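Worksheet for the structure shown next.
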Amino acid sequence: MVLSGKVAIVTGASRGIGRAIAISLAEKGAGVVVNYTSRAGAAAEVVETIRNAGGTAMVFQADVAKSAEAIALVKAAGAKFNRVDILVNNAGIIRDNLIVRMKEEDWDAVLDVNLKGAYNCIRAVARRMLKNHYGRIINISSVVGLVGNISQVNYCAAKAGLIGLTKAMAKELGSRNITVNAVAPGFITTEMSAALPEEVKERMLGQVPLKRFGSPEDVAGLVSFLASDAAGYITGQTIAVDGGMVCV
Ligand code: NAP
């Protein structure tokens, strides 16, 4: 299997896209740390699914927005598996509103989880990867980080920030064989996107050339590829998984 012997941390892996990524990486042979923040039962189910399929996984609760918890997450992974090769910064939240109504706490919360969370986890794992001369870091951004979206100034800023962070990290870590890439999903069917009003979903579907919304597995396929040795010469890139919705 292409990821045999590798160890991956997937943040926000209790459901949605993170869940599919964790299962996909485990199917390819990686030992996986399933991180979550509040839904312990859902995270335990992901671990059970992986183990039932013959894979290896552990669960770890941590709020990635908190530096000490991100450090504890990486430490727990190292203690269990003795190495960390792959970090997928997937944890994310939305707090949508028009700018005139957006509360400062909603700006802060979205930036803290989506952008600072990635910084916290990368900082916690970087020394280990530098020492090992190996690493795969994959940041889950969004197409709205490329093109913007009404009522999502906080989320778009965080997701665009992740793209800048990806480019800077790719340059900084490349000499030690650590690749850093961003994945920009379009509309993917999960709890996060389910909250959108029906008319907005219809309008968005009209903008998708492939005429369907994406599944978490559509995103997981690309992430697993970027985590593999086959993607060893790809770094600093942002790749959309959006059915052709955004072509930039
Ligand atoms: P989701 O279904 O809402 O799941 C979010 C996940 O993040 C959950 O596992 C949640 O854990 C975890 N999480 C939230 N805050 C966290 C924190 N502070 N620390 C650790 N984990 C935390 O979201 P999704 O749709 O799968 O989205 C996954 C990623 O893809 C996000 O970064 C999102 O912005 C991005 N994305 C999604 C779409 C889409 O259409 N769905 C499109 C573009 C980009 P709990 O279960 O414990 O709460």
Side-chain angles (χ1 to χ4, degrees), residues 9-24 32-47 59-74 76 87-96 106 108-121 124 138-149 152 154-163 165-166 182-196 200-201 204-205 207-208 212-220 222-223 238-243 245-246:
I9 296 174
V10 184
T11 68
S14 49
R15 52 198 163 95
I17 294 171
R19 177 183 190 277
I21 291 169
I23 290 170
S24 173
V32 178
V33 181
V34 173
N35 160 252
Y36 72 100
T37 184
S38 58
R39 299 201 195 174
E45 183 274 331
V46 178
V47 170
V59 69
F60 197 84
Q61 193 274 336
D63 176 352
V64 296
K66 296 185 176 138
S67 165
E69 297 191 24
I71 290 168
L73 169 64
V74 173
L87 168 66
V88 184
N89 286 308
N90 167 79
I93 59 166
I94 48 172
R95 298 273 189 280
D96 296 355
D106 290 336
D108 287 344
V110 168
L111 271 287
D112 280 354
V113 176
N114 294 273
L115 184 56
K116 192 177 173 195
Y119 154 79
N120 282 338
C121 292
I138 298 145
N139 299 314
I140 307 300
S141 177
S142 167
V143 289
V144 302
L146 293 165
V147 297
N149 201 21
Q152 289 196 313
N154 50 359
Y155 186 72
C156 295
K159 294 304 191 184
L162 270 181
I163 293 170
L165 175 151
T166 297
V183 170
F187 190 107
I188 308 298
T189 307
T190 68
E191 227 175 274
M192 183 182 278
S193 52
L196 286 171
V200 176
K201 287 186 200 165
M204 290 181 88
L205 189 57
Q207 295 165 15
V208 180
R212 67 171 176 90
F213 291 137
S215 68
E217 290 71 25
D218 287 323
V219 181
L222 175 61
V223 173
T238 300
I239 305 173
V241 183
D242 67 346
M245 188 163 76
V246 168

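We count ligands from 1, going down the list as the structure has it; atoms in each ligand are counted the same way. Not measured: the values here are computed from a predicted model.
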>> I want to confirm something. Looking only at heavy atoms, which of Met204, Arg15, Lys159 is nearest to atom 1 (P) of ligand 1?
In response: Arg15

>> Considering non-hydrogen atoms of the protein only, which is the closest contact for atom 44 (C) of ligand 1, and what is the distance?
In response: Ser141 O, 3.2 Å

>> I want to know if ligand 1 touches Gly16 in the polar sense, i.e. an N/O pair below 3.5 angstrom.
In response: no

> How far is atom 36 (N) of ligand 1 from its nearest protein heavy atom, and which residue and atom name does that atom have?
Replying inline: Tyr155 OH, 3.4 Å

> Given Val46, Thr37, Ile17, which has its nearest heavy atom closest to atom 22 (C) of ligand 1?
Replying inline: Thr37

> In terms of atom number and element, which parts of ligand 1 are under 4.0 angstrom from non-hydrogen atoms of Ile93?
Replying inline: 14 (C), 15 (N)

> Does the side chain of Lys66 come within less than 4.5 Å of Asn120's, by heavy atoms?
Replying inline: no

>> Tell me the protein heavy atom at minimum distance from atom 19 (N) of ligand 1, and give that distance in Å.
In response: Val64 N, 3.1 Å

> Side chain, backbone, both or neither: which part of Asn35 comes within less than 4.0 Å of ligand 1 when only heavy atoms are counted?
Replying inline: side chain

>> Treating Asp63 as the side-chain partner and Ala65 as the backbone partner, does any N or O pair qualify as donor plus acceptor under 3.5 Å?
In response: yes

> Which of the numbered atoms in ligand 1 are below 4.0 angstrom from a heavy atom of Thr190?
Replying inline: 2 (O), 24 (P), 25 (O), 26 (O), 41 (N)

> With respect to atom 42 (C) of ligand 1, which of Ala184, Ser193, Ser142, Gly186 exhibits the smallest heavy-atom separation?
Replying inline: Gly186

> At what distance is the nearest protein heavy atom to atom 6 (C) of ligand 1, and which residue and atom is it?
Replying inline: Gly12 O, 3.7 Å

> Hey, which atoms in ligand 1 end up nearer than 4.0 Å to a heavy atom of Phe187?
Replying inline: 40 (O)

> Checking Asn35 side chain against Ala62 main chain: does a donor-acceptor pair fall under 3.5 Å?
Replying inline: yes

